[in-house]
Structures are given as C-alpha cells and as structure tokens.
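Everything below concerns the one structure shown next.
By convention here, the first residue in the shown sequence is residue 1.
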Amino acid sequence: MLQVIANAFISGAIYATISAGFNLVYSVHRFFYLAHGSVLLVGGFAFYFAFETYHLHPAIAILLAIGAATILAMLNEILIHRPLRQRQANNFSLFLASTASLSIVQGLLLYFNSSRTFTYQWPLNVIEIATVRITLTQCWIIASACLIFSILWWIMNKTTFGKSLQAIADSPTLARAIGLPVSTLYLQTTILSAILAAAGGILMSLERDLRFDMGMEAILKGIIASIIGGIPNVPAALLGGFLLGLIENLAAWFLPSNYKTTISSIVLIVFLLFRPTGIIGSKFFPNR
C-alpha cells in the first residue's frame with residue numbers, strides 16, 4: 001500500500017500540473033482548451049531534444065521547452081482564438097479550433113519523427129525507503145510539482161495579475177467595465193498556462209516514454225483531474241491529480257496497466273453523474 005501511495009503521488013504530481021494549466025484557461029476563457037495537449041507535447045519534445053540529443057544544460061533545456069510551448073500557445077491565441085472571439089464565435093467553435101490545433105501538432109510530430117518512442121538514457125538510481133522504491137527522477141517530479149503549485153498559489157493570491165484573472169473568471173463584462181485589459185489578460189493567461197503545460201510535458205516525459213500521440217492522453221487525464229477536484233477551481237487540481245493517480249494505481253493491483261485510461265474514463269463518468277462540481281467545488285479560488 002505504501003508503494004501504491006508513492007506511485008499515486010508521482011502520477012498525481014504530473015496530472016495536477018497538467019490540470020492546473022487546463023483549469024486556468026477554462027476559468028478565464030470558458031471553453032475546453034484541448035490545445036493545452038499540443039502545447040504540452042511541444043514542451044516535452046523540446047526539452048527531450050535539447051537535453052538528450054544536444055546535451056544542453058537542464059536549465060537551458062527547460063527554458064527552451066517553455067519558450068517553444070509559449071510560442072505555440074501565443075500563436076493559438078493570436079491567430080485562432082482571438083479572431084474567433086472577435087467574430088463572436090461560441091465556446092463550441094473555440095473548442096473545435098483547439099481540438100484541431102492538437103490534431104495538427106500531433107500530425108506534424110508524426111511526420112517528422114514517425115511513430116518512434118523516445119526514452120531518456122540514464123540510470124534509474126532507485127532509492128529505498130522502508131518498503132517503498134522510488135527513483136531519483138520521481139523525487140524530482142514530486143518536488144517540481146510542489147514548487148510549481150507554490151509559485152502558482154503566490155501568483156493567484158498575492159499579485160495584481162492573479163486578482164485580475166479572478167475578476168475575469170467571475171465576470172468578463174464587469175472586468176471590462178472597471179477598465180481591465182481583458183484581451184491582454186487572455187493572452188497572459190494563455191502564456192501562464194503554456195508554462196504549466198511545458199512543465200507537465202517535461203514531467204510526463206521523464207516518467208513515461210515520449211510519443212507523438214501522448215497529448216490527447218495527457219489532456220484527458222488533466223480534464224479528469226480537474227473534474228474530480230472541481231472545475232475551474234485551480235487549486236483543486238492538486239487534489240484531483242492525486243486522487244486520480246491513487247485510483248489508477250489501486251486498479252493496477254487487479255488489472256494490467258493498459259487499463260488505466262479505461263479506469264480514468266469510468267471515474268470521469270461517475271463524477272459527472274454524481275458530483276459534477278467536484279470534491280472541493282467550482283469556485284475559482286475557494287478562499288475568496
């Protein structure tokens with residue numbers, strides 16, 4: 001059981017990071033931003049090639065991954081989502097556009113890399129604590145997720161930018177009425193979510209093999225974690241990610257790991273039927 005809980009923390013750290021970025025965009029833009037999966041993919045692949053292929057310092061590789069993910073997210077916002085909003089497109093049209101963006105990026109990765117699976121070539125460095133076995137990389141994954149959420153909490157609660165996002169999440173119309181630059185804040189939200197997506201892509205690539213089609217799986221897990229915690233409640237992503245990781249790893253005792261997505265989908269349906277607001281609730285930040 002201790003090993004299952006440890007594995008749940010590892011999976012949960014990845015899911016929570018992905019979910020936080022998705023929740024952030026949903027809370028402000030109010031549509032299912034599946035392009036978050038494509039931004040995650042670009043961040044993960046950029047880090048892999050910078051670090052593993054070109055042997056750059058990890059800090060430089062992280063910055064390049066964030067830069068690549070941010071550029072893609074900005075292109076999505078400026079070239080696709082903003083023009084659609086200016087034409088008063090509904091949320092379903094924005095959702096379809098973001099889905100198309102994910103499909104295009106996955107297609108480009110398939111074209112340039114075929115269907116290859118990329119794996120980091122380094123020793124596992126297993127650490128044993130009591131009956132729990134965990135690798136040094138997995139320790140870094142958990143620590144990184146904790147750092148990311150600490151910074152995100154500070155941004156949302158202690159900065160003018162965070163309070164502006166909360167105002168838009170409550171009412172975009174009132175936010176415009178009091179003079180907030182809504183279009184600029186939309187873009188800044190997209191950039192912040194891109195940083196979280198790049199972090200999620202890096203963490204996911206460190207724990208699992210990197211594939212061209214992992215974007216859809218990643219965003220699906222992020223959405224499920226969001227719904228478990230409470231969409232669009234950004235801090236609830238942490239709870240939702242851990243619970244999803246715990247459920248998946250408990251199910252792995254009885255079923256092959258290939259069934260993790262199936263188990264996640266069942267959890268999604270159960271929450272939609274019986275607790276659609278999630279465990280914590282749907283408010284952007286419950287302590288407001």
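- Linking ILVMFWY side-chain heavy atoms closer than 4.5 Å, directly or via other members, places Leu79 and Ile104 in two distinct hydrophobic clusters.
- Annotation for Asn249 and Ser11: closest pair ND2-OG, 3.7 Å, computed over non-hydrogen atoms.
- Annotation: Tyr259, atom OH; neighbour count of heavy atoms from other residues, nucleotides and ligands within 6.0 Å does not exceed 12.
- Relative ring orientation between Phe31 and His29 is described as perpendicular, the plane-to-plane angle rising above 60° on a 0-90° scale split at 30° and 60°.
- Note: the hydrophobic cluster containing Leu206 does not contain Phe149 (ILVMFWY, side chain heavy atoms under 4.5 Å, direct or indirect links).
- Of all the heavy atoms in Leu196 and Ile148, the pair that sits closest is CD2-CG2, 3.4 Å.
- The minimum heavy-atom distance between Asn23 and Gly230, with the atom names listed, is ND2-O, 4.0 Å.
- Distance CG/Leu40 to CG/Leu102: 10.0 Å, rounded to 0.5 Å.
- No side-chain donor-acceptor contact under 3.5 Å links Thr137 to the backbone of Glu207.
- Hydrophobic clustering (side-chain heavy atoms under 4.5 Å, transitive across Ile, Leu, Val, Met, Phe, Trp, Tyr) keeps Leu250 apart from Val270.
- A donor-acceptor contact closer than 3.5 angstrom links the side chains of Gln3 and Asn7.
- Paired with Leu41 under the rule side-chain contact (heavy atoms from CB on, under 4.5 Å), one option of Gln106, Met216, Met204 passes, and it is Gln106.
- Judged purely by atom type and a 3.5 angstrom limit, Ser38 has no side-chain atom pairing as donor or acceptor with the backbone of Leu34.
- Counting heavy atoms from C-beta outward, Phe22 and Ile231 have side chains that approach closer than 4.5 Å.
- Taking CG of Leu147 as the start and OG1 of Thr17 as the end, the distance is 10.5 Å to the nearest 0.5 Å.
- A side-chain N or O of Ser101 and one of Asn76 form a donor-acceptor pair less than 3.5 Å apart.
- With rounding to the nearest 0.5 angstrom, the CD1 atom of Ile134 is 4.0 Å from the CD1 atom of Ile142.
- Leu185 has its side chain within reach of Phe161: a pair of non-hydrogen atoms, C-beta onward, lies under 4.5 Å apart.
- Contact record, Phe242 with Ile5: CE1-O, 4.4 Å, taken as the closest heavy-atom pair.
- Between Phe47 and Tyr120, the ring planes are tilted. Angles from 30° to 60° get that label.
- Ile224 and Leu239 end up in the same hydrophobic cluster when Ile, Leu, Val, Met, Phe, Trp and Tyr side chains are linked at under 4.5 Å.
- Once rounded to the nearest 0.5 Å, the distance linking NZ of Lys163 with CG of Leu180 reads 13.0 Å.
- Centroid-to-centroid, the aromatic rings of His81 and Tyr186 stay 6.0 Å apart or farther.
- Note on Arg211 versus Asp213: salt bridge recorded, some NZ/NE/NH1/NH2 to OD/OE distance being below 4.0 Å.
- Summarising the geometry of Tyr33 relative to Ile219, their closest heavy-atom pair is O-CD1, 4.1 Å, with the distance given to 0.1 Å.
- Within the 4.5 Å cutoff, the side chain of Ile279 has heavy atoms near those of the Leu243 side chain.
- Looking at heavy atoms from C-beta onward, Leu94 lies out of side-chain contact with Arg30 at the 4.5 angstrom threshold.
- For the pair Leu110 and Ser115, the tightest heavy-atom approach, listed with the atom from each and the gap, is CD1-N, 3.9 Å.
- Separation of atoms CD1 (Ile14) and CZ (Phe9) is listed at 14.0 Å; rounding is to 0.5 Å.
- Side-chain contact between Phe32 and Ser98 is absent, with no heavy-atom pair separated by less than 4.5 Å.
- With hydrophobic clusters built from ILVMFWY side chains whose heavy atoms lie under 4.5 angstrom apart, Ile71 shares a cluster with Tyr48.
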task: I would like to know whether Gln188 and Glu77 meet side-chain contact (heavy atoms from CB on, under 4.5 Å); could you show each step before the answer?
output: CA-CA 10 Å; Gln188 291 172 345; Glu77 170 63 18; over 6 Å; no
Verdict with reasoning, Met74 to Thr190, per side-chain contact (heavy atoms from CB on, under 4.5 Å): CA-CA 7 Å; Met74 291 177 66; Thr190 303; 5.9 Å; no
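- Taking the centre of each ring, Phe49 and Phe118 come in below the 6.0 Å mark.
- Rounded to the nearest 0.5 Å, atoms CG (Leu268) and CD1 (Ile227) are 5.0 Å apart.
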task: Could you go through the side-chain contact (heavy atoms from CB on, under 4.5 Å) check for Leu24 and Leu165 one step at a time?
output: CA-CA 9 Å; Leu24 187 64; Leu165 293 189; 4.2 Å; yes
- request: Applying side-chain contact (heavy atoms from CB on, under 4.5 Å), run through Asn113 and Phe212 and close with a yes or a no.
  value: CA-CA 8 Å; Asn113 298 302; Phe212 79 94; over 6 Å; no
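- Ser264 and Glu248 share a side-chain donor-acceptor pair at under 3.5 Å.
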